[in-house]
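To start, the structure itself, in structure tokens.
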4 protein chains.
Amino acid sequence: MADDQGRRAHTGRRRNEEAARAILRAARELLERGDGAGVSVDAIAAAAGVGKQTIYRWWPSKSDLLLDALVEGARGLAPAPDEGDLGSDLAAFLTATFRGARDPAVAAALRQVAAEAQRDPRAAGLLRSFTEDRRRVLRGLLERAAARGELSPAADLDLLVDQAYGVLWYRLLIGHAPLTEAAAAALAAALARQATASP
Amino acid sequence: MADDQGRRAHTGRRRNEEAARAILRAARELLERGDGAGVSVDAIAAAAGVGKQTIYRWWPSKSDLLLDALVEGARGLAPAPDEGDLGSDLAAFLTATFRGARDPAVAAALRQVAAEAQRDPRAAGLLRSFTEDRRRVLRGLLERAAARGELSPAADLDLLVDQAYGVLWYRLLIGHAPLTEAAAAALAAALARQATASP
Amino acid sequence: MADDQGRRAHTGRRRNEEAARAILRAARELLERGDGAGVSVDAIAAAAGVGKQTIYRWWPSKSDLLLDALVEGARGLAPAPDEGDLGSDLAAFLTATFRGARDPAVAAALRQVAAEAQRDPRAAGLLRSFTEDRRRVLRGLLERAAARGELSPAADLDLLVDQAYGVLWYRLLIGHAPLTEAAAAALAAALARQATASP
Amino acid sequence: MADDQGRRAHTGRRRNEEAARAILRAARELLERGDGAGVSVDAIAAAAGVGKQTIYRWWPSKSDLLLDALVEGARGLAPAPDEGDLGSDLAAFLTATFRGARDPAVAAALRQVAAEAQRDPRAAGLLRSFTEDRRRVLRGLLERAAARGELSPAADLDLLVDQAYGVLWYRLLIGHAPLTEAAAAALAAALARQATASP
DNA sequence: CGATAAGCGAGACGGTACGTCTCGTCTTTGA
DNA sequence: TCAAAGACGAGACGTACCGTCTCGCTTATCG
């Protein structure tokens, strides 16, 4: 399906990065296409023109692959702006983050990985470290605002982070409301108000 | 596994409520026991001493069963207090809600159902309506506070609800932090501050 | 309501003999068709319109299935004649036996099972007991001749059996010469001569 | 596994005979060790401390390698004696042949190659020419006896050869009886009797 | 004597088949 | 007359091999 014209060149005993890329691309395409249908490893392998073992050589399980496909898609999504103002920084960050998660392939991958994580401890670990990383970025943004004295002393940074990503995941997984930019802006404003309000 | 001593009595052509209860009980036990291992319908049927068809007679799919097991466990958890004060109402509600979701069987069921919902549209619908119901309760609480004039005109009730349940689900599914009562209280205070702060 | 040509009727909790028959039939057809190509379980399942698990429910491994397909095909091949004369009894038996083994499906099954038996101890056991059974029939024929005093006292019945089946298997597996009826007759005559010759 | 002390010296652009020998040795060791388990090319390569390609450079397929390992082991086993007497010549030849095939590595190789031959036409061809060669030796022995006038005019030389090797292969592949020297002697005597008996 | 040719260990690659697992549907049979 | 028992079709999972390919190295041979 992916690259029909021309076989991939072998790379001998070295990992074939092109094959790895084809796998990730196929994974993302299938995630995007099949709406939550559940993507099979066989399908990914076939779409990438790859033996199944080549997938399992580099990714210990389907979850790892999906997470990588997701990270690939989410690359560069969260630059963590620093404009000197909590409100605008938050708005910029959450808007970008929501926009990234709105990408169909990214959204599908996030959802599938989250689903795997509920069954497979290994997937849970992967997802945990992925989210940990994202949390740290947002927390850094908040810490800079705190250092500038913008936040009320009562503000709980971790709880703020939980609220921001909580809304994201909640909407993503339940699907009761879209991840619009307006929603991101409203959430940013609300969190800024909460963080600056005196107790 | 479940009811060793004594066979269940047949009830003729009427639904055997005792069997249904045994199924739910077995489901909850397996959810609780198998830490995220993924519970199979066959396992539930065997544990309940029940034919698989008896399960599918009353629940159209595994997700429906798990959701019922969950609701069974969560029964009465959300009384939506009305004490006349936003802060204490929110604290009471969130504390009770977090406590309910902390129950191992309830947590496991929520996680499994959420996982199913990412693949199966039917499960997604079920989860959606389940959460919709919970959202409505919390929104009612907020609306009453608004009617009492406690909220800033800028407060976005739906967004507040998303923040509250977002934190719950986010912690539940990612597992980076526990659903303690302290967390519930802190969240309640933060949301109250946000809702009452002037823009 | 075993309706339209094609679908098999379910048999509920009982083994579906029709499905088993379809599996054996498909196995024999594929054995016959694919000249030694090696028949896959998936192919058999697909050809029989059956889930793979249904095969593995009744046959613990591919070898068992192939052996059954073979026995099915070889049914009634070895009536062990008793006409009161060693020469004609042997000729009749070997001719019938060779004719049976000349059937493409039977030959293919024999060869495949023999191949499996060289790797898989379980298959080896199966093949052993299959051949044991055939040996016993031929040995009975020889014993009756011995009881009639037709054999030299020096005749070694087991060795005669080994010679007869040895030629069969040797030709079958190496393929250097066909299992013609003339060959069976010549072998019968040679063995009779050997068995009756005085040391 | 094979050569622990010291790496093999490179031979530059010349074929490294030592590597070839290590491969054959590893193959024979694994055949002997793994009781019918089925020896993989990867395992042989690893045991010989050799790249897989080095195997495929010199042997076009696994069967070729196994057959070579076998021939290596069976070297000099079949001198085709000529003592001027059918009985003793046959006994000497069959005893030596059975003894050779009793060697665990030789037996395993013969069995594995025979197994391959049932699936792979190339392996079938190899096995065929290997057996053809052995047949010719035994047939030569018989022809000399015939030239000496020892055989009955009714004797069918090819059928005698088939019986001798048939018993060998039959016992080897089915495993119902061992390839003892006593069996070889008995077989030789029986075949001599058959060949000399008047019709 | 330096360039070149080939063998070598290593191991990734595309493929095929294996045997296991679970889902949701179906029918029989035991109480 | 139900419901337990469990077989069934479907299809994904992760593993084991096969025979091919390329890399980076080493050594003999040839210009």
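In what follows, every chain begins at residue 1, and chains take the letters A, B, ... in the order their sequences are listed. The figures here come from the full heavy-atom set of this structure, side chains too, leaving out hydrogens, waters and symmetry mates.
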In whole angstroms, how far is the [atom2] atom of [N] from the [atom1] atom of [X]?
{"X": "His10(A)", "N": "dC23(F)", "atom1": "NE2", "atom2": "P", "result": "11 Å"}
{"X": "Gln112(D)", "N": "dC17(F)", "atom1": "CD", "atom2": "P", "result": "12 Å"}
{"X": "Arg119(D)", "N": "dG19(F)", "atom1": "CZ", "atom2": "C1'", "result": "17 Å"}
{"X": "Glu18(D)", "N": "dT27(F)", "atom1": "CD", "atom2": "P", "result": "14 Å"}
{"X": "Ile55(B)", "N": "dA4(F)", "atom1": "CD1", "atom2": "P", "result": "10 Å"}
{"X": "Ile44(D)", "N": "dC8(E)", "atom1": "CD1", "atom2": "P", "result": "16 Å"}
{"X": "Asp64(D)", "N": "dC18(F)", "atom1": "CG", "atom2": "C1'", "result": "14 Å"}
{"X": "Asn16(A)", "N": "dT20(F)", "atom1": "CG", "atom2": "C1'", "result": "14 Å"}

Applying a 4.0 Å non-hydrogen cut-off, can you work out what [X] is touching in the nucleic acid: base, sugar-phosphate, or nothing?
{"X": "Trp59(C)", "value": "nothing"}
{"X": "Arg14(A)", "value": "sugar-phosphate"}
{"X": "Arg57(A)", "value": "base"}

What do you reckon, is CZ of Arg122(C) surrounded by more than 12 foreign heavy atoms closer than 6.0 Å?
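Counting neighbours around CZ of Arg122(C), more than 12 heavy atoms of other residues, nucleotides or ligands fall under 6.0 Å, so yes.
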Tell me, yes or no, whether the heavy-atom count around Arg15(A) atom CZ, taken from other residues, nucleotides or ligands under 6.0 Å, exceeds 12.
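Yes, because the 6.0 Å sphere around CZ of Arg15(A) holds more than 12 heavy atoms from other groups.
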Between Arg13(C) and Ser61(C), which has a closest nucleotide on DNA chain E that is more 5'?
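It is Ser61(C), whose closest nucleotide lies nearer the 5' terminus.
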May I ask you to evaluate whether Arg15(C) reaches the phosphate of dT28(E), defined as a side-chain N or O under 4.0 Å from OP1 or OP2?
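Answer no for this pair, as no side-chain N or O of Arg15(C) is under 4.0 Å from OP1 or OP2.
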OP1 or OP2 of dA7(F) sitting under 4.0 Å from any side-chain N/O of Thr54(C)?
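For dA7(F), neither OP1 nor OP2 has a side-chain N or O of Thr54(C) closer than 4.0 Å.
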Working to the nearest 0.5 angstrom, can you tell me the gap between Leu31(A) CG and Ile44(A) CD1?
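Taking CG in Leu31(A) and CD1 in Ile44(A), the distance rounds to 6.5 Å.
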Would you mind telling me which of dC8(E), dC13(E), dC8(F) lies closest to the side-chain atoms of Trp58(C)?
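Nearest to the side chain of Trp58(C) among the choices is dC8(F).
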Please enumerate all protein N or O atoms sitting under 3.5 Å from an N or O of nucleotides 20-22 of chain E, with distances to 0.1 Å.
unit_1	atom_1	unit_2	atom_2	d
dC21(E)	N4	Gln53(C)	OE1	2.7

Any idea which heavy atoms bring Ser63(B) and Glu116(B) closest together, and the distance?
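Distance-wise, the nearest heavy atoms are OG-CB, 3.5 Å.
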Donor-acceptor contact present, side-chain Gln118(A) to main-chain Leu173(B), <3.5 Å:
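Pair found, side chain donor or acceptor close to backbone of Leu173(B).
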Earlier contact from the 5' end, DNA chain F, for Gly51(B) and Ser63(D):
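This one resolves to Gly51(B).
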Identify, with sequence neighbours excluded, every residue that meets salt bridge (Lys or Arg N to Asp or Glu O under 4.0 Å) alongside Arg128(C).
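Checked Arg128(C) against salt bridge (Lys or Arg N to Asp or Glu O under 4.0 Å); zero matches.
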When the side chains of residues 49-58 of chain C are checked against the rest of the protein, which donor-acceptor pairs come out under 3.5 Å, sequence neighbours left out?
none

